[in-house]
Amino acid sequence: MPELPEVETIRRQLAPELLGRRIDCVRVYHDDLLLGPRNRREFRRLCRGRRLGPAGRRAKFLLFPLHREDACDAKPEAVIRTQLRMTGRFWLGGQRPDPLEFRHPGAEFVLDDGRTLFYDDVRRLGGFDILSIPEWRAVEGRLGPEPLSASFTARRLARRLEPLRAPIKHVLLDQRRIAGIGNIYASEALHRASIDPFKPAGTLAYGEIARLHRAVRRVLREALDASGTSFSDYRAPDGRSGSFQNRLRVYGREGAPCLRCSTSLERAVQGGRSTFYCPQCQR
DNA sequence: CTTGTACCCTGACCGC
DNA sequence: TGCGGTCAGGGTACAA
């Protein structure tokens, strides 16, 4: 479901509410929501009684640092890594969320202020694992740069694309190359940069890469400012929708006119996923 | 190393 | 009303 702007929106809403809270009780309703090697009992044991540090995000992962009760100021000893994948959602409140809207309860984290963090996931492709800090550092080291960070430059992007023969659209989805971009914003960025999604990444001219770099940052920034893109099921934890779906230029607009040149937009399948593009102005 | 494919799972929708 | 096929914002394991 969510890409970088949606996950970051969720993080911003949850972070101030969760900071310093103690996890008193954990319930996990499906084994397949535990994505790591730990079973439910181990997961509960590692969470219970821990205090939450500031919620973080890297790529599309939400991170909940866990501190020992007696050493809250020190570095966390572990982190809960959450992946929402396609349909994972959070809701935080004093009672259960509306069961008509949250029909697939996956897990609950009861906090010491009486509220509970609920996780709901229709397809159960998302979930949690607990990583020690060295384990997390190893995982994080394999991820590509954060596209909104100051250190993500066009030059750096060019170096990462240069050896790759795969289509640029496919490369944008590869979290080892660039972190946080998913199927919506890959199509949107390529359209804004007027680049053919099928073009092999390593054949892009530097000028094209510079345009792509700007387009990626701009579209993610604008989506973040709009609290993300909401289709039928995505909601932020406060229940509000994002509004960026009104500003998508190609995603989901197959057959509609290109906003730049009026050519009918097309949909193609790359690596099993839809790519939306303008056959006229993306070359 | 790269690249492609299968797979995890449920639900909405479309054509028959 | 039912049935089969397709599609959905993701990531990983595995084979070639």
Side-chain angles (χ1 to χ4, degrees), chain A residues 1-10 29-37 57-62 81-90 100-107 119-129 131 135 138-140 142-144 159-190 198 200-203 216 219-220 223-224 226-236 241-255 267-276:
Chain A
M1 163 171 60
E3 308 181 30
L4 187 156
E6 292 77 30
V7 178
E8 179 62 19
T9 297
I10 293 166
Y29 296 120
H30 300 277
D31 286 330
D32 51 13
L33 293 175
L34 294 181
L35 302 172
R57 180 197 56 79
R58 178 79 166 88
K60 301 169 199 170
F61 299 128
L62 258 180
R81 177 176 70 154
T82 302
Q83 309 181 39
L84 302 169
R85 302 244 180 134
M86 303 288 261
T87 50
R89 303 150 74 190
F90 278 112
L100 291 177
E101 206 196 326
F102 286 75
R103 280 181 295 208
H104 304 276
Y119 178 75
D120 182 280
D121 194 339
V122 176
R123 292 170 68 183
R124 300 201 306 280
L125 298 176
F128 314 89
D129 54 355
L131 303 174
E135 285 172 329
V139 168
E140 119 111 317
R142 281 178 238 123
L143 294 169
R159 264 204 310 275
R160 305 201 131 237
L161 299 185
E162 191 268 327
L164 304 174
R165 277 168 297 164
I168 183 61
K169 157 72 181 342
H170 193 249
V171 170
L172 287 178
L173 295 180
D174 186 341
Q175 303 300 298
R176 295 168 305 180
R177 312 294 170 195
I178 312 172
I181 300 174
N183 209 34
I184 294 179
Y185 299 114
S187 284
E188 293 295 315
L190 286 166
F198 296 93
T203 66
V216 162
V219 75
L220 293 177
L224 190 48
S227 301
T229 299
S230 291
F231 289 159
S232 52
D233 54 355
Y234 165 75
R235 292 284 183 290
S241 310
S243 64
F244 200 72
Q245 63 278 10
N246 302 318
R247 288 158 59 190
L248 298 174
R249 298 189 193 169
V250 287
Y251 188 87
R253 298 191 63 239
E254 180 184 12
R267 182 178 85 95
V269 176
Q270 290 182 281
R273 324 206 49 196
S274 292
T275 300
F276 296 89

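Bear in mind that the values here come from a model prediction, so they are computed numbers and not experimental data. All chains are named by letter (A, B, ...) in the order of the sequence lines, taking the proteins before the strands, and each is independently numbered beginning at 1.
Across the protein-nucleic acid pair, A:Tyr251 atom OH and C:dG10 atom C1' stand 12 Å apart, rounded to whole Å. Distance CD (A:Glu6) to P (C:dA8): 16 Å, rounded to an integer number of Å. If you take CZ of A:Phe61 and P of C:dG10, they are 12 Å apart, rounded to a whole angstrom. We find that CG of A:Leu125 is positioned 9 Å from P of B:dT10, with the value rounded to whole Å. One atom, CG of A:Asp121, and another, C1' of C:dG10, lie 11 Å apart when rounded to the nearest Å. Remark: P of C:dG10 and CZ of A:Arg123 are 10 Å apart, rounded to the nearest angstrom. Rounded to whole Å, the distance from CG on A:Leu4 to P on C:dG11 is 11 Å. As a whole-Å value, the separation of A:Asp129 CG from C:dT12 P is 9 Å.
Contact annotation: A:Ser274 does not reach the phosphate of C:dC7 (side-chain N/O to OP1 or OP2, under 4.0 Å). Taking 4.0 angstrom as the limit, A:His104 places none of its side-chain polar atoms (N or O) nearer than this to OP1 or OP2 of B:dC9. OP1 or OP2 of C:dG11 has not a single side-chain nitrogen or oxygen of A:Arg176 nearer than 4.0 Å. Within the structure, every side-chain polar atom (N or O) of A:Arg85 is placed at least 4.0 Å from both OP1 and OP2 of B:dT10. Distances shown here put a side-chain N or O of A:Lys60 below 4.0 Å from the OP1 or OP2 atom of C:dG11. At least one side-chain nitrogen or oxygen of A:Arg273 sits closer than 4.0 Å to the OP1 or OP2 atom of C:dG10.
In this structure, a donor-acceptor pair under 3.5 Å is present between the side chains of A:Arg267 and A:Ser274.
If you check every strand for non-hydrogen atoms under 4.0 Å, A:His170 touches nothing. When heavy atoms are screened at a 4.0 angstrom cut-off, A:Arg142 is found touching no nucleic acid atom at all. A:Tyr185 comes within contact range of no nucleotide atom at all, as no heavy-atom separation falls under 4.0 Å.
The residues A:Arg81 and A:Glu135 are annotated as not salt-bridged, no charged nitrogen and carboxylate oxygen being separated by less than 4.0 angstrom.
In this structure, A:Arg253 fails the cation-pi test against A:Phe276, since its NZ or CZ atom is not both closer than 6.0 Å to the six-membered ring centre and inside 45 degrees of the ring normal.
Candidate nucleotides C:dG9, C:dT12, B:dA12 were compared by shortest atom distance to the side chain of A:Arg103, and B:dA12 ranks first. Nearest to the side-chain atoms of A:Glu3 among the listed nucleotides C:dA8, C:dG9, C:dG11 stands C:dG9. The side chain of A:Leu164 sits closest to B:dT2 out of C:dG11, C:dG9, B:dT2. Closest approach to the A:Asp32 side chain among B:dC9, B:dT3, C:dG10 is made by B:dC9 (side chain taken as heavy atoms from C-beta onward).
A:Ile184 and A:Tyr251 get closest at one heavy-atom pair: CA-CD1, 3.7 Å.
Across all strands shown, C:dC7 forms a Watson-Crick or G-U wobble pair with B:dG11, both key distances being under 3.5 Å.
Taking atom P in both C:dT6 and B:dA6, one finds a spacing of 13 Å when rounded to whole Å. With both ends at atom P, the span from B:dC9 to C:dA13 equals 16 Å, rounded to whole Å.
Here the side chain of A:Arg160 pairs a donor or acceptor atom with the backbone of A:Arg176 at under 3.5 angstrom. A side-chain donor-acceptor contact under 3.5 Å links A:Glu188 to the backbone of A:Val250.
Below the 3.5 angstrom threshold, one finds no donor paired with an acceptor across the side chain of A:Arg124 and the base of B:dC9.
Heavy-atom nearest nucleotides on DNA chain B were determined for A:Gly271 and for A:Arg177, and the one closer to the 5' end corresponds to A:Arg177.
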